[in-house]
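Have a look at the structure below before the remarks.
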Number of protein chains: 2
Amino acid sequence: MRRPTIADIARQAGVSKGAVSYALNGQPGVSEATRARILAIADEIGWRPNIAARALNGARAHAVGLALCRPARFLGVEPFFMELISGIEAELSARSYALLLQVVGDHEAEMGVYRRWWGEGRVDGAILVDLHLDDPRVPEIEEMGMPVVVIGHPSAAGSLLPVWADDGAAVRETVEYLAALGHRRIARVAGLPRLVHTVIRDRAFTDVCAGLGLDVCPTVHTDYTGEEGARATRRLLSSPDRPTAVVYDNDIMAVAGLSVAQEMRLDVPADLSIVAWDDSPLCQVVRPPLTVVARDIPAYGGHAAQRLLSLIDGADTRPLEDVPPRLTTRGSTAPPA
Amino acid sequence: MRRPTIADIARQAGVSKGAVSYALNGQPGVSEATRARILAIADEIGWRPNIAARALNGARAHAVGLALCRPARFLGVEPFFMELISGIEAELSARSYALLLQVVGDHEAEMGVYRRWWGEGRVDGAILVDLHLDDPRVPEIEEMGMPVVVIGHPSAAGSLLPVWADDGAAVRETVEYLAALGHRRIARVAGLPRLVHTVIRDRAFTDVCAGLGLDVCPTVHTDYTGEEGARATRRLLSSPDRPTAVVYDNDIMAVAGLSVAQEMRLDVPADLSIVAWDDSPLCQVVRPPLTVVARDIPAYGGHAAQRLLSLIDGADTRPLEDVPPRLTTRGSTAPPA
DNA sequence: TTTCGGCACTTATCCGGTTCAGCAGTAGCG
DNA sequence: CGCTACTGCTGAACCGGATAAGTGCCGAAA
């Protein structure tokens with residue numbers, strides 16, 4: 001049951017290893033007749049190139065890495081990562097690249113994983129997600145010299161190649177829509193305050209609220225879990241001048257917020273409008289279905305993968321701004337009572 | 001910026017490549033003084049073994065594969081896979097194994113991926129999920145000779161190593177609990193009918209209902225999506241002798257069912273009891289929080305990874321029956337009105 | 001004093017591909 | 001006819017590490 005090698009093919013075809021290599025790689029140097037014979041034999045005995053041997057010759061590892069740095073219980077919650085991964089993969093597998101995945105606990109462990117992968121020659125590059133403010137990973141990766149695409153805003157990506165979407169524009173669209181419905185008190189239940197995209201959304205939210213002359217526009221930060229989303233909602237809805245609309249930073253918190261509102265005998269959307277970030281089946285399954293800021297996450301991941309492969313090939317390395325998220329209105333938003 | 005090799009270390013230490021190799025691998029053949037000097041140099045210049053070179057010497061690839069064969073949009077929905085993956089990873093990374101992940105569209109593509117990974121020497125083994133009835137993948141993998149752990153029932157795993165949990169027992173526990181509450185008409189909204197675990201749950205459900213002498217116990221099959229869960233629920237609740245309890249095969253369908261019930265002005269749990277399969281933050285966030293059949297999915301994945309690594313090492317290859325899922329009661333179940 | 005054993009290394013080979021230099025054979029051309 | 005140019009192939013080196021087979025040297029036992 002030994003794996004066949006090009007030496008086996010060479011023996012059967014009665015030529016040298018070199019000739020077999022040329023034939024199998026579409027290189028000139030063998031006649032068409034010989035090439036056809038070699039290919040037929042290779043196919044017959046089920047030969048596959050051994051990537052280890054190829055990689056040894058300075059060739060690509062034909063794999064890229066993705067280390068996710070969130071506790072397992074948070075990862076399972078949001079469809080975001082799974083969708084992102086499938087988008088990345090669709091692109092990678094079309095080019096016969098493999099994805100190495102690892103879930104780690106903290107940034108230090110994450111960097112350890114990247115160092116190992118890169119040092120061992122396991123990957124040709126990686127995708128970095130969840131940028132922090134003053135993210136220590138950026139300078140460390142720059143020093144490593146590993147090709148990396150950052151899913152996040154260019155302002156925090158250093159010299160790494162960013163792929164990002166204009167979250168600010170989506171926040172503005174959402175708030176303007178709510179203001180047009182007549183809402184004057186809009187609250188935001190945001191994610192982790194140290195994440196760059198949270199900061200960007202925070203700033204856009206504050207700016208557009210001020211620009212529209214809205215009354216009070218509190219932002220509450222959470223860890224993205226339903227519990228904290230529920231707690232934040234409870235606090236907001238208990239305040240004297242409670243908001244008439246709440247914008248959430250993910251879907252699970254929005255659903256939790258919806259439950260809290262219904263528990264407090266508030267009608268959604270009559271008494272409270274709710275907007276979720278990132279669409280998911282979840283948002284369409286609850287009553288009323290949630291108005292969401294939707295983006296094509298698999299496409300987003302696919303673009304990142306494309307850019308990374310280009311970067312690895314030494315080609316086109318310009319930053320890519322993806323299409324901005326779009327507001328999709330459903331039953332959870334309406335003019336305030 | 002070339003990656004350092006043992007030749008670099010040998011040059012700096014003034015010894016041969018062989019000596020360096022012995023020193024770095026803890027083999028006898030070098031003095032402790034030399035070993036220490038070599039290790040210090042290796043550490044200083046940041047040397048890492050090139051896995052490609054190691055693999056070429058017949059060593060392990062130190063990676064295992066997982067190909068998921070479900071459309072991307074279904075994958076993101078259920079926390080199951082993400083939790084399973086993080087559990088697998090926790091075990092793998094502790095042993096410095098990497099996980100190769102690929103999302104594919106159908107079984108044929110999945111087998112292509114396994115063939116390529118195995119043929120190219122990229123992986124030492126793989127984990128197979130979502131067993132079908134008469135699954136064509138089982139005999140094909142048996143023929144390939146790749147070490148594989150199957151997450152699923154032994155009856156369908158052929159000669160591959162199964163890791164499974166007793167779903168039937170959990171179904172029995174659930175139905176008996178509902179019957180003890182006084183329910184006589186219990187329905188089941190199941191997943192894809194071709195999956196082995198669906199069949200096992202189906203049979204257990206029918207058997208225990210018959211054993212308890214319950215009135216009508218319909219099972220409706222779906223594709224696991226919220227839409228189909230909602231549709232099935234609507235149909236069940238519109239029937240003349242509608243069930244007083246529904247057991248769902250995942251969490252998203254249970255939540256969809258809850259919304260449908262509330263839309264139909266049925267009180268949960270007074271008019272309808274609901275049980276979900278697999279716990280998730282989602283189940284705790286909705287009102288009322290859902291009674292669930294819970295299992296420790298990360299642990300499950302971890303056990304599968306352990307078994308696979310044992311199998312690769314040629315050690316302990318007995319099937320593993322994991323702890324059965326346990327019923328966790330919350331607010332969505334009560335005696336029928 | 002010789003011999004043997006073992007330590008601490010070196011040298012050479014191998015893994016499975018890629019790639020380059022070289023070398024027949026032949027066709028083209030003056 | 002002789003020279004060049006090209007085709008189609010061979011042989012060997014090489015990638016980075018593992019490892020079997022030496023080799024030189026020292027100390028202890030006969």
Side-chain angles (χ1 to χ4, degrees), chain A residues 1-39 41-42 45-63 96 116-124, chain B residues 1-39 41-43 45-62 96 116-124:
Chain A
M1 282 295 278
R2 221 186 78 265
R3 274 194 264 266
T5 73
I6 55 166
D8 298 324
I9 300 175
R11 207 175 314 112
Q12 280 198 45
V15 295
S16 69
K17 272 171 48 173
V20 174
S21 178
Y22 290 136
L24 292 171
N25 291 297
Q27 305 259 20
V30 284
S31 66
E32 279 313 310
T34 309
R35 186 188 302 277
R37 191 156 43 94
I38 288 171
L39 287 175
I41 294 171
I45 66 176
W47 175 86
R48 306 264 171 166
N50 179 318
I51 34 127
R54 281 207 169 145
L56 210 47
N57 290 292
R60 305 266 118 97
H62 281 271
S96 290
R116 192 158 60 79
W117 280 349
W118 181 242
E120 292 179 348
R122 255 184 211 279
V123 299
D124 300 322
Chain B
M1 284 296 278
R2 220 185 78 265
R3 272 194 264 266
T5 72
I6 57 166
D8 299 322
I9 300 175
R11 208 175 313 111
Q12 280 197 45
V15 295
S16 69
K17 272 173 47 174
V20 173
S21 179
Y22 289 135
L24 292 170
N25 291 296
Q27 304 262 19
V30 283
S31 66
E32 279 314 308
T34 309
R35 185 188 304 275
R37 191 157 43 93
I38 288 171
L39 287 175
I41 294 172
D43 189 54
I45 65 177
W47 174 86
R48 306 263 171 169
N50 179 317
I51 34 129
R54 281 205 168 151
L56 210 47
N57 289 295
R60 306 265 116 95
H62 281 272
S96 290
R116 191 158 60 79
W117 281 348
W118 182 242
E120 292 179 349
R122 254 184 210 281
V123 300
D124 300 322

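The figures here come from the full heavy-atom set of this structure, side chains too, leaving out hydrogens, waters and symmetry mates. Small disclaimer: the values here were computed from a predicted structure and weren't measured. Within every chain, numbering begins at 1; the chains are lettered A, B, ... in the order of the sequence lines, protein sequences first and strands thereafter.
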Might you work through the side chain to side chain contact (heavy atoms under 4.5 Å, CB included) test for A:T5 and A:N50, ending with a clear yes or no? CA-CA 8 Å; A:T5 73; A:N50 179 318; over 6 Å; no

For the pair [X] (side chain) and [Y] (backbone), establish whether a donor and an acceptor sit closer than 3.5 Å, ignoring hydrogens and angles.
{"X": "B:N57", "Y": "B:A59", "result": "no"}
{"X": "A:R35", "Y": "A:Q27", "result": "yes"}
{"X": "B:R60", "Y": "B:D124", "result": "no"}

Whole angstroms only, please: what is the [atom1]-[atom2] distance between [X] and [N]?
{"X": "A:R48", "N": "C:dG17", "atom1": "CZ", "atom2": "P", "answer": "13 Å"}
{"X": "A:I38", "N": "D:dG8", "atom1": "CD1", "atom2": "C1'", "answer": "11 Å"}
{"X": "A:R122", "N": "D:dG16", "atom1": "CZ", "atom2": "C1'", "answer": "15 Å"}
{"X": "A:R37", "N": "D:dG8", "atom1": "CZ", "atom2": "P", "answer": "13 Å"}
{"X": "B:N25", "N": "D:dG17", "atom1": "CG", "atom2": "P", "answer": "10 Å"}
{"X": "B:I45", "N": "D:dG16", "atom1": "CD1", "atom2": "P", "answer": "12 Å"}

Answer yes or no: does a side-chain N or O of [X] lie under 4.0 Å from OP1 or OP2 of [N]?
{"X": "B:N50", "N": "D:dC15", "answer": "no"}
{"X": "A:R3", "N": "C:dG16", "answer": "no"}
{"X": "B:S21", "N": "D:dG17", "answer": "no"}
{"X": "A:Q27", "N": "C:dT19", "answer": "yes"}
{"X": "A:W47", "N": "C:dG17", "answer": "yes"}
{"X": "B:R54", "N": "D:dA18", "answer": "yes"}
{"X": "A:S31", "N": "D:dC9", "answer": "yes"}

If you take any heavy atom closer than 4.0 Å to DNA chain C, which residues from residues 5-13 of chain A end up in contact? A:T5, A:I6

Does the cation-pi check pass for B:R3 over A:W118, that is, NZ or CZ under 6.0 Å from the six-membered ring centre and within 45° of its axis?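 Yes, B:R3 sits over the ring of A:W118.
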
Given side chains that start at C-beta, do those of [X] and [Y] come closer than 4.5 Å, heavy atoms only?
{"X": "B:D8", "Y": "B:W47", "answer": "no"}
{"X": "A:I41", "Y": "A:V20", "answer": "no"}
{"X": "A:H62", "Y": "A:R54", "answer": "no"}

At what distance, to the nearest 0.5 angstrom, does CD of B:E32 lie from CZ of B:R37? 12.5 Å

Classify A:R35 by what it touches in the nucleic acid, base, sugar-phosphate, or nothing, heavy-atom distance under 4.0 Å. nothing

I'd like a table of atom pairs between the protein and nucleotides 10-14 of chain C - only N or O on both sides, under 3.5 Å - with the distance next to each one.
unit_1 : atom_1 : unit_2 : atom_2 : d
C:dT10 : OP1    : B:S16  : N      : 3.3
C:dT10 : OP2    : B:S16  : N      : 2.7
C:dT10 : OP2    : B:S16  : OG     : 2.6

Name the residue closer to the 5' end of DNA chain C, choosing between B:A53 and B:T34 according to the nucleotide with the nearest heavy atom.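 With B:A53 and B:T34 compared, the 5'-side residue is B:T34.
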
Which heavy atom in B:R122 sits nearest to a heavy atom in B:R116, and how many Å separate them?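 For B:R122 and B:R116, the tightest heavy-atom pair comes out as NE-NH1, 4.4 Å.
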
